[in-house]
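For reference, the structure discussed in these notes is given below.
Every heavy atom of this structure was used, including side-chain atoms; hydrogens, water molecules and symmetry mates were not. Whatever order the structure lists them in is the order used to number ligands and atoms, beginning at 1.
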Amino acid sequence: MSTFSLPALPVATLGTPRIGPRRELKLALESFWSGKSDETALLETSAALRAANWARQKALGVTIIPSNDFSLYDQVLDTSAMVGAIPAIYGWKGGPVSLDAYFAMARGSQGETERHTSCGHAHHDHDHSHGAPAQEMTKWFDTNYHYMVPEFATGQRFELSSLKAVDEYREARALGYETRPVLLGPVTYLKLGKSKDATLNPLSLLGELLPVYIDVLRRLAANGAEWVQIDEPCLVLDLDAAAREALRRSYATIAHALPPLKIMLTTYFGGLGDNLDTALSLPVAGLHLDLIRAPRQLDDVLAKAPQGLVLSLGVIDGRNIWRADLPALLDRLEPVVAKRGTDHVQIASSCSLLHTPIDLELEPDLDPDLKTWLSFSIQKMGELATLGRALSAGRASVRDALAASGQAATARKASPKVHDAAVAARIAAVTAGMADRKSAFAARAKIQRPRFNLPAFPTTTIGSFPQTAEVRKARSAHAKGALSDADYEQFLREETKRTIRWQEEIGLDVLVHGEFERNDMVQYFGEQLAGFAFTKHGWVQSYGSRCVRPPILFGDVSRPTPMTVGWWTYSQSLTTKPMKGMLTGPVTILNWSFVRDDIPRSAACRQIALAIRDEVADLEKAGARMIQIDEAALREGLPLRKGEWKGYLDWAVGSFRLCASGVSDETQVHTHMCYSEFNDIIDAIGAMDADVISIETSRSKMELLDAFRTYKYPNEIGPGVYDIHSPRVPEVGEMTDLLGLARQRLADGQLWINPDCGLKTRKWEEVRPALVNMVEAARAIRAAAR
Ligand code: GLN
Ligand code: ZN
């Protein structure tokens, strides 16, 4: 490596995972919440994690190191604490926000308000019998990270209430690290917020908010910060004139108040598109672009960006786990650096590394070839540093690292572990007709109805029954080798049998086996499909202390052997009532995994669809008359820009139809989706052409049924009448009321009666009376409709 001090090209991470390589933060938080350790212990662990993050980046050669990217829970909640947007129920009286108040906003004031994430989105339980409920939580853009939704009141005032950003900058400085503090930008922050007062437009609060930002920025500058990173990912969304004006006003006000402070304005998760001119008009020193999601925007930006603007090029994928092809990247980057100069270009991760697992070196069991193709957050820091050196000191200065990177890319492209000729042949042989059932729904229904002879308003459940402590204990004992395969199997059979008996006893019409053998609705299938790999420590923060370990979809997908037929056959053998086969759909498997980047998502989805189609065929062959294919994550895969929705929905619905349409007309295909806001995609849902769909509706009081005012949903449908996200047991009357609303929009012959999602997160004590009431409600409706 060159020892001359050539002008080094700065390299940046926009943020790092906070949870710690061994989930140290999770353990510290949970120990603190349970009262096992005190505030001091929690703060010490946090400080140690930050110090380790800074030290690691420095050692690996990251030159622009962020601070204030750490959070005890969530960076949006941190921003609410910073500006004092703390609803009155949390009892905050001004002044610095205490940890108690902070965690009350995060989790409710009675400790953990229980949450449910089986649907990929996390809900709070809404049993607020005592204490203040936690703030609402929702997905951060199109990631699986959840933020705490800011809540604004009429007459909202803001005041500086947390100096975290300044404190962490100073903390880094004291340790010898010059950092670039990160703030969530004022416009994105306001746009993420909500108000109970429907007339309050959060953007109208901008004038109130900006002085707090300016105060924080002044303090940062006074403490020595030269640059600040301000995140405005809203710039990749469809923005109206008011939002654009808010951006112009914000940055003009900030620039006016703090002329010497340099702002790196970051955009990520997409391209600037029609917001490009707005972004380029802002008086900031630097602009960060996500060149993973939107590589082509670079040309537009280069053509228009003023010469003095520092461009931060996000070329290392912050949303996925693939190692970059560094020589190929350099081919693209060298001309840019030559044109703009090393002092006007920075190289960065596409977004914060928060969304990637931490360290590949913790995975000794991964396939060694696969491992050479992967890069987790720590490896990505190294890749950034290599790029920076190559771009300032020349490729020869990092020859070996570049060679290794290029070789890995070449090997991956050609590897038989990735490319399966049999899969390619099957994909090539797919015909349009394979995505169509033989007959249209009306004709299928005519065959299915006499076959099943179900009562009007048939009752069913969504699939899972409570995953009790015993179930989880048995699973982990089995995983550790403490419980034999045979004993575990026996345990699961007993559990399943008991659940089936009980469903018969209370009089449900269509049964499920309970899914006790499944750890997770995606992992269970991923583990049995070719093309997927799993990590041991590849945790990614989902919300607060909760982490998920997404499967890695690395190669062509196929299904070597049946996955669920054994359990279905056993379960159906125990009852004469119809037992639903239970599968997870291709779109959901795709959306909850890290997906290969060498083929389009649509192509990967189609492969999964063919694998699930095989399972559907085998279930039918084994005698299953009803097969449910869950697409819990179909809606959350919608692109951030509305203009891209149709393209996505076309292939997503196409994949579902491909996996579901291989059966004969007499087989009834069910699907399930757990979200209530799908008024805007209701025709796509109709186009899936499932014979029966169950959906979430109870929490929104059947609001979703508004969709059916204009769109005549053609097939059968079970709008969830029992809100499983709450421990509360619904009364018969509540459910008949909800059904009454449903009957105003849908024909009696279309309606099924079911809970709004699986029951795995509930306790048997809650489930039992609730389902007994649900069956009672069905009887009442039948009597009334007669
Ligand atoms: N069949 C799954 C279950 O009942 C569906 C879960 C989901 O939609 N998230 O748990
Ligand atoms: Zn669901």
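- Between Arg546 and Glu30, no side-chain nitrogen of the basic residue sits less than 4.0 Å from a carboxylate oxygen of the acidic one, so the salt-bridge criterion is not met.
- Here Cys674 has side-chain heavy atoms under 4.0 Å from ligand 1, and that is the only part of it that gets that close.
- With the Zn ion (ligand 2) at the apex, Cys674 SG and Cys757 SG define an angle of roughly 120° (rounded to 10 degrees).
- Remark: ligand 1 and Ile462 share an N or O pair separated by less than 3.5 Å (distance only, no angle test).
- Between Trp592 and ligand 1, not a single N/O pair is under 3.5 Å apart.
- For ligand 1 and Ser464, the ligand atoms under 4.0 Å from any heavy atom of the residue are 3 (C), 4 (O), 10 (O).
- Between His355 and Phe269, the distance from one ring center to the other falls under 6.0 angstrom.
- In terms of the ring pair (Phe, Tyr, Trp, His ring centres under 6.0 Å) criterion, residue partners of His670 (sequence neighbours excluded) are, by chain and number, Trp752.
- Salt bridge Asp520/Lys760: absent, no basic N to carboxylate O contact under 4.0 Å.
- The ligand atoms of ligand 1 that sit less than 4.0 angstrom from a heavy atom of Met582 are 1 (N).
- Polar contact check, Gln628 against ligand 1: no nitrogen or oxygen pair lies under 3.5 Å apart.
- Within the listing of ligand 1, atoms 7 (C), 8 (O), 9 (N) sit less than 4.0 angstrom from a heavy atom of Cys757.
- Contact atoms of ligand 1 toward Gly463: 4 (O) (distance under 4.0 Å to a heavy atom of the residue).
- Nearest heavy-atom pair, Gly686 versus Tyr711, reported as atom, atom and distance to 0.1 Å: CA-OH, 3.3 Å.
- Every atom of ligand 1 with a heavy atom of Met521 under 4.0 Å away is listed here by number and element: 6 (C), 7 (C), 9 (N).
- For residues 488-535, the pairs satisfying ring pair (Phe, Tyr, Trp, His ring centres under 6.0 Å) are His478-Tyr488, Trp502-Trp764, with sequence neighbours left out.
- Salt bridge Arg493/Glu489: present, at least one basic N to carboxylate O contact under 4.0 Å.
- Look at Lys473 and Glu470 and you find no salt bridge, because none of the NZ, NE, NH1 or NH2 atoms lies under 4.0 Å from a carboxylate O.
- The proximity of His672 to ligand 1, defined as any non-hydrogen pair under 4.0 Å, is limited to the side chain.
- Of all the atoms in ligand 1, the ones that sit under 4.0 Å from a non-hydrogen atom of Gly758 are 3 (C), 4 (O), 10 (O).
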